[in-house]
> 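Have a look at this one before I ask anything.
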2 protein chains.
Amino acid sequence: MPKQAGFKRKAQITKVATNKFREKGYRAVSMRELAEHVGIEAASFYNHFDSKESILKEICFRMGNEFFNTINIALAEEKKTDKMLERAIKSHINVITDNMDASAVFLHDWRYLSEPYLSEFKEMRRKYEGIFRKIIKEGMDKGIFNKQDETFTVLMIFSSLNWVYDWFDVKGKFTAEQIGTNISKLILEGIRK
Amino acid sequence: MPKQAGFKRKAQITKVATNKFREKGYRAVSMRELAEHVGIEAASFYNHFDSKESILKEICFRMGNEFFNTINIALAEEKKTDKMLERAIKSHINVITDNMDASAVFLHDWRYLSEPYLSEFKEMRRKYEGIFRKIIKEGMDKGIFNKQDETFTVLMIFSSLNWVYDWFDVKGKFTAEQIGTNISKLILEGIRK
DNA sequence: TACTTTTGCTAACAAATGTTAGTATAAAAA
DNA sequence: TTTTTATACTAACATTTGTTAGCAAAAGTA
């Protein structure tokens, strides 16, 4: 079958791959399995992507950009430190809940990238974490957050955010907005009354 | 080479496998690669294990038991709800920091178990989470914890605990004990002053 | 000592892997 | 219309995969 007008094979491949990678893990998904779900032969992928890894690459870096873009918008024009943290947290959670499959791939399968993309990816992530670190540090310096090792606090925050993809249920009782609000509150106030 | 007295091949295999699985992920580690690190041929594994999966099985279920045993000891004779939560958290973190590689495998690679072990594993994990859920619920009922969906709170707590293996550095500036204390405090009190 | 068990080896297997070569045809551009 | 480009196909490739068969020798047991 030849080109079909009005539908983008490449986007479809990325979507299917994202879904399958999330479901089984990058290494456990074969090109032939992917092909079957897309509705083409495995060899036909190579008209759209250089390699299996380049599909992964696209998913990981697209998500990276998504996290950056969203948080930049969220933080613009907000000056109060605690509000900034809240916005950053909500932004992060929104990106995850809006891209559940891709988030899982982003968080798990990046390690199968080869150099130099692996280093590039890590650097990107480091920068993103830096946004949070800066807010936390500012809050501690101003005395509105408890003084603690800031790296520790940032890691702890990411830890609690980065499993959202694992248990957030789109049809469940919470909206992404509520999840964001609740997690922000838990992080800021703790669970003790 | 024949049997060598005084050293346990099976234990060595488990150890090497745990380390490699953690490093690269279960699916990305081949029997031949494992063999090279153990110092035997790939075929020789089958004198000690039925299959590659049975190595994974052993790691996952041994860790499961470890979590249960440790938390049971930690909770014995403690009656105050908030102290119980603190102890549960510290217990969980101690198991992770004492078994960094195995924890990563336990948390990531369990999904490559096949039935019926997959279901058995999930059930085990569900029971373990139930211990935390019960404490949280008790605390909410007594009014010492903020009222919230308890499943949500439990997931959030696990989320922040289960990434410890990813960033805890044995030689770093914090001991496992300090990590436990800090995380407990963050969960209970939040970061805001 | 003689016998059994354990643990290792080499060789090979069938299946699955990512990928390339060569070709055909529909869509797009000229 | 003719030409070019994009996208699909079939067939095959070289590796790598987990695993088995058959055999040898050390360790354990009698």
> What's the closest nucleotide to the side chain of B/Lys52 if the choices are C/dG8, D/dT20, D/dT19?
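That would be D/dT19.
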
> Rounded to the Å, how far apart are A/Phe45 CZ and C/dT17 C1'?
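Value for this atom pair: 14 Å.
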
> Is the distance from OP1 or OP2 of C/dT7 to the nearest side-chain N or O of B/Ser44 less than 4.0 Å?
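For C/dT7, neither OP1 nor OP2 has a side-chain N or O of B/Ser44 closer than 4.0 Å.
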
> Taking the side chain of B/His48 as its heavy atoms from C-beta onward, which of D/dA21, C/dT19, C/dG8 lies nearest to it?
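Of the candidates, C/dG8 comes closest.
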
> Classify the side chain of A/Arg32 versus the base of C/dG18 as yes if they form a donor-acceptor pair under 3.5 Å and no if they do not.
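Donor-acceptor pair under 3.5 Å: yes.
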
> To the side chain of B/Tyr46, which of C/dT20, D/dT10, D/dT20 is closest?
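Taking heavy atoms from C-beta onward, the closest nucleotide is D/dT20.
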
> Does B/Lys57 come within less than 4.0 Å of B/Glu53, counting only side-chain N to carboxylate O?
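Judged by the 4.0 Å cut-off on N to carboxylate O distance, B/Lys57 and B/Glu53 do not form a salt bridge.
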
> Report the distance from atom CD of B/Glu33 to atom P of D/dT19, rounded to the nearest whole Å.
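Checked: the CD to P distance equals 16 Å.
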
> Which whole-number value in Å describes the distance from B/Phe49 CZ to C/dT7 P?
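Atom-to-atom, B/Phe49 to C/dT7, this comes out as 12 Å.
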
> B/Lys8 has an atom NZ; how far is it from atom P of C/dT7, in whole Å?
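Rounded to whole Å, this separation is 11 Å.
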
> Side chain of A/Met31 only, heavy atoms from C-beta on: which candidate in D/dC9, C/dA11, C/dT19 is closest?
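That would be C/dT19.
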
> Would you say the base of D/dA8 and the side-chain of A/Asn47 have a donor-acceptor pair closer than 3.5 Å?
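Yes, a donor-acceptor pair under 3.5 Å.
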
> Verify the ring-centre separation between A/Phe106 and A/Tyr165: is it less than 6.0 angstrom?
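No; A/Phe106 has its ring centre 6.0 Å or more from that of A/Tyr165.
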
> What contact category does B/Val38 fall into here, base, sugar-phosphate, or nothing, at under 4.0 angstrom with non-hydrogen atoms?
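Contact class for B/Val38: none.
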
> Could you give the CG-to-C1' distance, from B/Asp50 to D/dT20, as a whole number of Å?
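After rounding, the gap between these two atoms is 13 Å.
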
> For the side chain of B/Ala42, starting at C-beta, report the closest nucleotide among C/dG8, D/dT19, D/dA11.
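Side chain of B/Ala42 sits closest to D/dT19.
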
> Check the distance between D/dT19's P and B/Leu34's CG and give it to me in whole angstrom.
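My rounded result for the distance is 12 Å.
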
> Thinking salt bridges, do A/Arg126 and A/Glu129 make one under a 4.0 Å N-O criterion?
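Between A/Glu129 and A/Arg126 there is no salt bridge, as every charged N stays at least 4.0 Å from the carboxylate O atoms.
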
> How is A/Ser30 classified with respect to the nucleic acid when contacts are heavy atoms under 4.0 Å: base, sugar-phosphate, or nothing?
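The answer is sugar-phosphate, as A/Ser30 gets under 4.0 Å only of primed atoms, P, OP1 or OP2.
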
> Side chains of A/Ile179 and A/Thr97: closer than 4.5 Å at any heavy-atom pair?
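The answer is no; the side chains never approach within 4.5 Å.
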
> Within this structure, what is the CD-to-P distance between B/Glu41 and D/dT19, rounded to whole angstrom?
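About 16 Å, once rounded to whole Å.
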
> Could you tell me how far apart A/Arg27 (CZ) and D/dT17 (C1') are, to the nearest whole angstrom?
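From A/Arg27 CZ to D/dT17 C1': 11 Å.
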
> When you measure from the side chain of B/Ser91 to the backbone N and O of B/Arg87, does any donor-acceptor pair fall under 3.5 Å?
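Checking the backbone N and O of B/Arg87 against the side chain of B/Ser91, no donor-acceptor pair under 3.5 Å is found.
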
